[in-house]
There are 2 protein chains.
Amino acid sequence: MHTLKRTRTRDQVRALIRQTIIGGELAAGTRLDEIGLAAKLGSSRTPVREALIALEEEGLVRSRPNHGFLVAPLDEQLVRELYPILAALEAAAVELGGEALRAQVPTLKDINARLASETGRAKRYQLDRGFHRALTAPCANAQLLRLLEQHWNHARRVDGGQARGMANHEGSCAEHAQIIAVIEGGDLTRAAELLRKHWRDGQKVVLRWMETGK
Amino acid sequence: MHTLKRTRTRDQVRALIRQTIIGGELAAGTRLDEIGLAAKLGSSRTPVREALIALEEEGLVRSRPNHGFLVAPLDEQLVRELYPILAALEAAAVELGGEALRAQVPTLKDINARLASETGRAKRYQLDRGFHRALTAPCANAQLLRLLEQHWNHARRVDGGQARGMANHEGSCAEHAQIIAVIEGGDLTRAAELLRKHWRDGQKVVLRWMETGK
DNA sequence: AATTTGCATATTGTATACAATATGCACACT
DNA sequence: AGTGTGCATATTGTATACAATATGCAAATT
């Protein structure tokens with residue numbers, strides 16, 4: 001019996017490119033040259049191409065026939081479309097959380113406390129994502145959680161760890177605290193409502209930042 | 001200037017396999033042999049393989065390293081996970097529809113009337129899908145609509161045009177009518193709520209059908 | 001000078017070749 | 001007979017080859 005699962009280079013390449021795009025090292029619109037990537041990664045074109053096809057479905061990459069791949073653009077339309085989706089999915093996850101979500105309250109409080117006192121950009125982002133993971137994990141809907149991870153990635157690209165984490169830090173933490181309190185009280189419907197508002201606020205911050213630069 | 005966009009065989013292969021799976025011609029769990037498919041479709045393995053990779057992201061196909069692809073299984077867990085996602089996404093689309101959704105009321109009434117008097121299985125399915133398309137199109141969120149199309153496809157696989165279309169036809173149409181009335185009245189929040197219930201009911205019908213066979 | 005045309009180059013799309021792994025059956029063994 | 005082993009075959013994973021298309025620059029034309 002082999003518990004050691006073999007790993008496809010296509011999957012490794014995919015994870016690598018994904019992280020590079022999400023991390024912002026590859027700017028939106030950058031051309032993704034198969035030959036160049038293959039050379040840089042020490043593989044042939046095939047796994048690179050396959051990874052790019054998967055990443056396109058994930059929304060991080062786009063392609064035009066005979067023109068190849070490029071990093072998916074980040075424009076206002078994406079922001080307008082993305083946040084309502086996140087709001088809907090995460091609100092649903094919270095409502096499905098049930099009693100298991102109430103059990104998360106201590107964890108949520110802990111994460112939010114650390115987030116409130118954190119000043120580093122990257123750390124804040126990690127804690128914020130941890131908060132939302134803790135909020136949604138109890139729903140036990142693997143498909144939903146997968147969609148959420150994907151869309152959190154898009155959100156991360158959009159605000160680059162800047163807007164939500166820095167521009168409205170206290171406000172965001174306050175909203176988190178409010179959500180926690182409502183969950184503790186057992187009103188998941190209300191918690192979902194507040195969460196939708198949380199994402200609407202996040203969208204506002206990002207849009208303002210995109211338009212005015214601050 | 002060329003308005004004629006070239007078509008990749010990978011995209012054609014993908015669309016073909018997708019339809020075959022959704023239509024139920026390829027049963028869940030069926031092995032998808034690259035060489036066999038390529039031969040049947042008159043291409044080489046490469047476009048087939050690329051199509052399968054994309055379809056895996058779409059959720060219609062699964063793969064295990066060194067074991068190849070198979071049609072994604074249909075089990076109770078999928079049903080339990082899928083319907084809440086559909087409910088959340090579609091409810092969000094309705095709430096985002098705004099005034100444009102009210103303008104759809106005549107169309108919705110027309111579709112629902114035809115659906116109510118239709119007896120054919122396939123026709124019913126098409127009309128039902130048209131109803132939900134008309135309900136969500138006004139939201140003008142391309143990403144959201146894309147997700148909805150994908151998940152409607154999964155739902156189609158799950159009930160095979162059987163459960164929702166046949167087992168609870170009058171009930172379903174009545175719920176549609178109720179939703180239309182509430183939209184006409186302008187209360188989109190309530191409409192979204194009813195729609196979530198509509199999908200919960202749909203889930204119940206499918207689960208009962210899966211367990212008891214009727 | 002600006003624009004267009006044509007060619008050389010580069011890149012994508014598909015097919016095939018090769019390597020690594022899995023599958024299945026025949027045979028040996030208990 | 002049942003179980004396990006080993007080899008032949010088949011299939012996946014990756015690399016490369018070839019064909020079709022796009023790109024970019026230089027020269028010619030207005």
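A:Arg62 CZ: 12 or fewer foreign heavy atoms inside a 6.0 Å radius.
Considering CZ of B:Arg14 and CD of B:Gln19, their distance stands at 12.0 Å, rounded to 0.5 Å.
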Protein-nucleotides 5-11 of chain D N/O pairs under 3.5 Å:
unit_1, atom_1, unit_2, atom_2, d
D:dT11, O3', B:Arg31, NH2, 3.0

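In this structure, A:Glu56 places its CD atom 14 Å from C1' of C:dG13, rounding to the nearest Å. Counting to the nearest Å, the C1' atom of D:dT12 and the CG atom of B:Asn66 are 6 Å from each other. Rounded to an integer number of Å, the gap from CZ of A:Arg8 to C1' of C:dA20 is 14 Å.
Between the side chains of B:Arg49 and A:Thr46, no donor-acceptor pair of N or O atoms lies under 3.5 Å. B:Tyr125 and B:Arg121 form no side-chain donor-acceptor contact under 3.5 Å, judged by distance and modelled atom types alone. Using modelled atom types, one finds a donor on one side chain and an acceptor on the other under 3.5 Å when comparing B:Arg129 with B:Asn153.
For B:Ala155 against B:Leu82, the heavy-atom pair with the smallest separation is N-CD2, 3.5 Å. Taking all atoms of both residues into account, the shortest heavy-atom contact from B:Glu118 to B:His169 is O-NE2, 3.8 Å.
Of the residues in residues 10-21 of chain B, not one comes within less than 4.0 Å of DNA chain D through any heavy atom. Less than 4.0 Å separates DNA chain C from at least one heavy atom of each of the following residues of residues 40-53 of chain B: B:Ser43, B:Ser44, B:Arg45, B:Thr46, B:Pro47.
When B:His176, B:Glu90, B:Arg200, B:Glu175 are each tested for a side chain to side chain contact (heavy atoms under 4.5 Å, CB included) with B:Leu195, only one passes: B:Glu90.
Note: B:Trp199 and B:His132 meet the aromatic proximity criterion, with ring centroids under 6.0 Å apart.
We find that A:Arg10 and B:Glu56 are joined by a salt bridge, their nearest charged nitrogen and carboxylate oxygen being less than 4.0 Å apart.
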